[in-house]
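Just so it is clear, the model here is predicted, and its values are computed rather than measured. The figures that follow rest on heavy atoms only: side chains count, while hydrogens, waters and symmetry mates do not.
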Amino acid sequence: DASEISNSACEVFFMKENIACQDNVSNAFLVHHTANEWSIIHGAGVLSDATVRYQRYDQVTNVFSPKHRGVQNASNACSLLATHSEIGFSSIAALLGSAGQIAYSAANAYLDSYMTSLSNHGKSAFSIQWGAWGNIGMAKGAGMTQRLTRLGMTPVYPIDGIFALELLLQQQLVIPKSPVFAVAPV
């Protein structure tokens, strides 16, 4: 819940913009705000499910753009700030694939690769491949829990997701060489 995060010991700003558009990022409040330390969480994403046969170019562009251009724009904005770390919210679809979500899987794989590249160049950056969140998020809908159960998975409930994010942010886990983490109950 955004109100709980906003009431924590840190200052949190949410930006609901088309991050794939450079002007939206350049004019954002964050770029013109000074603070001691920033962590940027890139959580943009769009779904447009279709099998390969029925996938259209405009659908692929619409899905790929928030991850591809969006993370580049956010990273460019980070160079203007005293950024401590960059975190990409990816999807388990990048790791496992997902029926009808080839563009979404590829877009998230790109985000993971981008965060890996930043990390390899000495920046504090990592990506979290989230499983489907329960009761909220893009996968919210009738039958999602049953579909996940058939696949041998359960949803990431908000309390568990926030706990996993806190662990990663506090680096209390043994950080492996890969800056990409999967968070999905199985």
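- Taking 4.5 Å as the limit, every side-chain heavy atom of L168 sits out of range of all side-chain heavy atoms of F163.
- Grouped with I102 in one hydrophobic cluster are V52, the linkage being side-chain heavy-atom contacts under 4.5 Å among Ile, Leu, Val, Met, Phe, Trp and Tyr residues.
- Using a distance-only test at 3.5 Å, with no hydrogens or angles considered, a donor-acceptor pair links the side chain of S113 to the main chain of A109.
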Criterion side-chain contact (heavy atoms from CB on, under 4.5 Å) on Y114 and H68, from CA distance to verdict: CA-CA 9 Å; Y114 193 89; H68 175 255; over 6 Å; no
Next item on the list: Quick one: do W130 and I92 satisfy side-chain contact (heavy atoms from CB on, under 4.5 Å)? Show the steps, please.
Entry: CA-CA 5 Å; W130 293 106; I92 199 77; over 6 Å; no
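- Nearest heavy-atom pair across G43 and F89 is CA-CB, 3.8 Å.
- With sequence neighbours excluded, the residues that form a side chain to side chain contact (heavy atoms under 4.5 Å, CB included) with S127 are S90, L111, D112, M115, V180.
- Under the side-chain hydrogen bond (donor to acceptor under 3.5 Å, both in side chains) criterion, N120 pairs with no residue, sequence neighbours left out.
- Looking at residues two or more places apart in sequence or on another chain, you find a side chain to side chain contact (heavy atoms under 4.5 Å, CB included) between S48 and Q59, V63.
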Does the pair K67 and N108 meet the rule for a side-chain contact (heavy atoms from CB on, under 4.5 Å), with working shown? CA-CA 7 Å; K67 298 290 183 181; N108 282 285; 3.2 Å; yes
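- Checked against side chain to side chain contact (heavy atoms under 4.5 Å, CB included), R150 has the following partners two or more places apart in sequence or in another chain: Q146, R147.
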I'd like to know whether S119 forms a side-chain contact (heavy atoms from CB on, under 4.5 Å) with F126, so could you lay out the CA-CA distance, the side-chain angles of the two residues, the decisive distance to 0.1 Å, and finally the verdict. CA-CA 7 Å; S119 178; F126 63 93; over 6 Å; no
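- Two residues are said to be in side-chain contact when any heavy atoms from C-beta on lie closer than 4.5 Å; V60 and Q55 meet this criterion.
- Atoms CG and OG1, from D160 and T154 in turn, are 8.5 Å apart once rounded to the nearest 0.5 Å.
- For the pair P158 and G134, the tightest heavy-atom approach, listed with the atom from each and the gap, is CD-O, 3.5 Å.
- Of all heavy-atom pairs spanning S105 and S98, the tightest one is OG-N, 3.8 Å.
- By the side-chain hydrogen bond (donor to acceptor under 3.5 Å, both in side chains) test, D49 pairs with Q101, sequence neighbours left out.
- In summary, the aromatic rings of Y157 and W133 are positioned with their centroids too far apart to meet the 6.0 Å limit.
- The side chain to side chain contact (heavy atoms under 4.5 Å, CB included) check on A106 picks up F64, with sequence neighbours excluded.
- Closest of all the heavy-atom pairs between A184 and V156 is CA-CG2, 4.1 Å.
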